[in-house]
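So the structure is just underneath, and the comments pick up after that.
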Amino acid sequence: QVQLVESGGGLVQAGGSLKLSCLASGSIFRINAMGWYRQAPGKQRELVARITSDGRFNYGDSVKGRFTNTRRNAKNTVYRQINSLKPEDTGVYSCNGDINDSGPWSGMDYWGKGTLVTVSS
């Protein structure tokens, strides 16, 4: 009964920044990794950024060096600060979590419903 709730999407002007957050709640034994994915119009879903429980990062090639400040706190919330936004960053952003809900070997993927980010030029 794990759920992910995203917030922070909306309309922002090109060149601005946006903070997305994702709260994991429910029966959680351990969060192995959490991250953000996006799907732009006419494109398939792609990785934005992902952080593992030991602090290592994976970034999508299209956003390396531009998206910053991915972190996770003790309240099982992951944040992402997105800087220098461009119109092509528009899309539905979804939170993903690799979460063990009942023990060390119960890991599985959970997805939030997604939040729309629109970048105007």
Inset, instruction - Please check if the side chain of T115 supplies one atom and the backbone of Y93 the other of a donor-acceptor pair under 3.5 Å. - result: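 Side chain of T115 to backbone of Y93: no pair is present.
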Share the residues that join [X] in a hydrophobic cluster, the rule being Ile, Leu, Val, Met, Phe, Trp or Tyr side chains under 4.5 Å apart at the heavy-atom level.
X    : value
L116 : V92
F29  : none
L11  : none

Identify all side-chain donor-acceptor contacts of residues 105-114 below 3.5 Å with residues at least two apart in sequence or on another chain.
residue	atom	partner	partner atom	Å
S106	OG	D101	N	3.2
S106	OG	D101	OD1	3.2
S106	OG	S102	N	3.1
S106	OG	G103	N	3.1
S106	OG	G103	O	2.9
Y110	OH	D101	OD2	3.4

Legend entry - For R45, side-chain hydrogen bond (donor to acceptor under 3.5 Å, both in side chains) partners two or more places apart: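 For R45 there are no side-chain hydrogen bond (donor to acceptor under 3.5 Å, both in side chains) partners, ignoring immediate neighbours.
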Is [Y] reachable from [X] through a run of I, L, V, M, F, W or Y residues, each pair having side-chain heavy atoms under 4.5 Å apart?
X   : Y   : answer
I51 : V2  : yes
V12 : W36 : yes
I99 : L47 : no

Just verifying a value: how many Å separate [X] [atom1] and [Y] [atom2], rounded to the nearest 0.5 Å?
X   : Y   : atom1 : atom2 : value
R38 : D89 : CZ    : CG    : 4.5 Å
L85 : S17 : CG    : OG    : 7.0 Å
T52 : D98 : OG1   : CG    : 10.5 Å
L18 : Q13 : CG    : CD    : 12.5 Å

Partners passing side-chain contact (heavy atoms from CB on, under 4.5 Å) against [X] (at least two apart in sequence or in another chain):
X   : result
P41 : none
S7  : S21
S25 : Q3
A40 : K43

Inset, instruction - For the residue pair Q39 and S94, confirm or rule out a side-chain donor-acceptor distance under 3.5 Å. - result: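 Note: Q39 and S94 side chains miss the donor-acceptor criterion.
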Inset, instruction - Return yes if a side-chain donor-acceptor contact under 3.5 Å exists between N58 and R56, otherwise no. - result: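 Result is no, nothing qualifies.
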Inset, instruction - Name all pairs fulfilling the disulfide (SG to SG under 2.5 Å) condition that reach into residues 86-118, sequence neighbours left out, sorted by first residue then second. - result: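 Found C22-C95.
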Legend entry - Considering all heavy atoms, the nearest M34-A24 contact: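 Shortest heavy-atom contact: CE-CB, 4.4 Å.
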